[in-house]
Amino acid sequence: MANRGGRRDVLQTLDDRELLRRYRLDRAGIMFVVDLLRDAITSPTRRHNAITPEKKVITTLRYLATGKMQQCSSDDLGLSQSSVSRVITQTLTALSQPNIVTQFVSFPLDARTLHTHKRAFMDIAGFPGVVGVIDGTHVRIIAPSEDEAVFVNRKNFHSINVQIVFNAACKILDIVAKWPGSTHDARILSESGIRQLFERRYVPANCHLLGDSGYPCKPWLLTPYLQPRQGPQLNYNRAHKTTRAVVERGVGQLKRRFHVLHGEVRLRPEKVSKVIIACAILHNICKVRQIAEPLEDGDEDEDNDEDGGEEDIHIPQGNLAQSGLPYRANFTNLHFRQAVAPCHLRTCDGIKNYHSFTAHHLQLLNARHRTQSVNGLFFRCSILRR
């Protein structure tokens, strides 16, 4: 079926499975985005063949799903290459407006939501007080015509270094997508709004982010020990690593859903930033609407070779000083002196029996395996693994 101007109406001709494969959203999801942006992207002209908001959104989704504008013009949508470029620019601009972004990507400040996040992270590996996991991921771009050198990252390709925070369900809580690839993760954090939320105490005490050792250790940002000692520090590091793996899964899901982030984005840095923000918003819309990520050939592996990678790099001093080291030491001794219990015994009613379980069962384990160090025991959990 074709609509006016000979353009194919994919919403009428394709089922949800095919829409999801091509555009990453089902029909209801696509129409949700259309209605969200309709006022901003409706053409003011009354010409008979004006491009509809539906067509603009579908074209943009196809580009984000494939990373190829040529695919949009050859996808039986009836648009010329120049129209595709213009439509994508207009839709990305509308989708990345602050009033849209804050509807779908915002860090929670209310106690109830933060408590929910803490419980979800606690269920992964017994790490208390975690409300988010943070990391940087690089999105490859073509060499820009201005300030080209600052976009070359330490792996020697041009990129935007994106700071991203996920909750335990891999929903994006915060994203910064404007810094050149050579910028250190710690520098991006120091200039970010998320830092201000924590340091100005808009986020309550005893709420933490987990980050790798490329970040400075803060009372609100806990990083791993570089050379952990046997016992509490090793228990802490193991729980930290397992819990922080959520950010790697989240980035993997985001980039698999929107392949434009996997390859080289052939746009100016300012437009690339809009692409990244648009993908983040659409990712969260999919999470809220429970739209599964499409599985295609080669999608099973979480390709994270270009992500993070700041560990064991010297952290600059000044306002990035590691002021949280004493806090981390006290936190470790308080919460990780004993091994972490299996998650199913810490959820729901089982959480109140956690401490009695730990003492009793570690005593039994120690009796059976006297040669082992009790402090070194660690029970892994894969409750959130797919």
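Put simply, CZ on Phe258 and CG on Leu254 are 7.0 Å apart, with the number rounded to the nearest 0.5 Å. Summarising the geometry, atom CD1 belonging to Ile88 is positioned 11.5 Å from atom OG1 belonging to Thr93; distances are rounded to the nearest 0.5 Å. Taken to the nearest 0.5 Å, the NZ atom of Lys56 stands 8.0 Å off from the OG1 atom of Thr52.
Side chains of Ser213 and Tyr225: no donor on one and acceptor on the other come within 3.5 Å. At a cut-off of 3.5 Å, with distance as the only test, no side-chain donor of Ser82 or Ser85 sits close to an acceptor on the other residue. Using modelled atom types, one finds no donor on one side chain facing an acceptor on the other under 3.5 Å when comparing Arg268 with Ser145.
Closest approach of Ile100 to Phe104, counting heavy atoms only: O-CD1, 3.3 Å.
Of the possible donor and acceptor atoms, one in the side chain of Lys287 sits under 3.5 Å from a partner among the backbone N and O of Ala169.
Salt-bridge formation is not detected for the pair Glu270/Lys274: no Lys NZ or Arg NE/NH1/NH2 atom is positioned less than 4.0 Å from an Asp or Glu carboxylate oxygen. Classification of Glu248 and Arg244 as a salt-bridged pair holds, one side-chain N sitting under 4.0 Å from a carboxylate O. For the pair Arg201 and Glu199, the salt-bridge criterion is not met [side-chain N within less than 4.0 Å of a carboxylate O]. A salt bridge between Asp15 and Arg27 is absent, with no side-chain N of the basic residue lying under 4.0 Å from a carboxylate O of the acidic one. Under 4.0 Å is where a charged nitrogen must lie from a carboxylate oxygen, and between Arg256 and Glu293 at least one such pair does.
Residues Asn284 and Ile281 are not in side-chain contact: their nearest non-hydrogen atoms beyond the backbone lie 4.5 Å or more apart.
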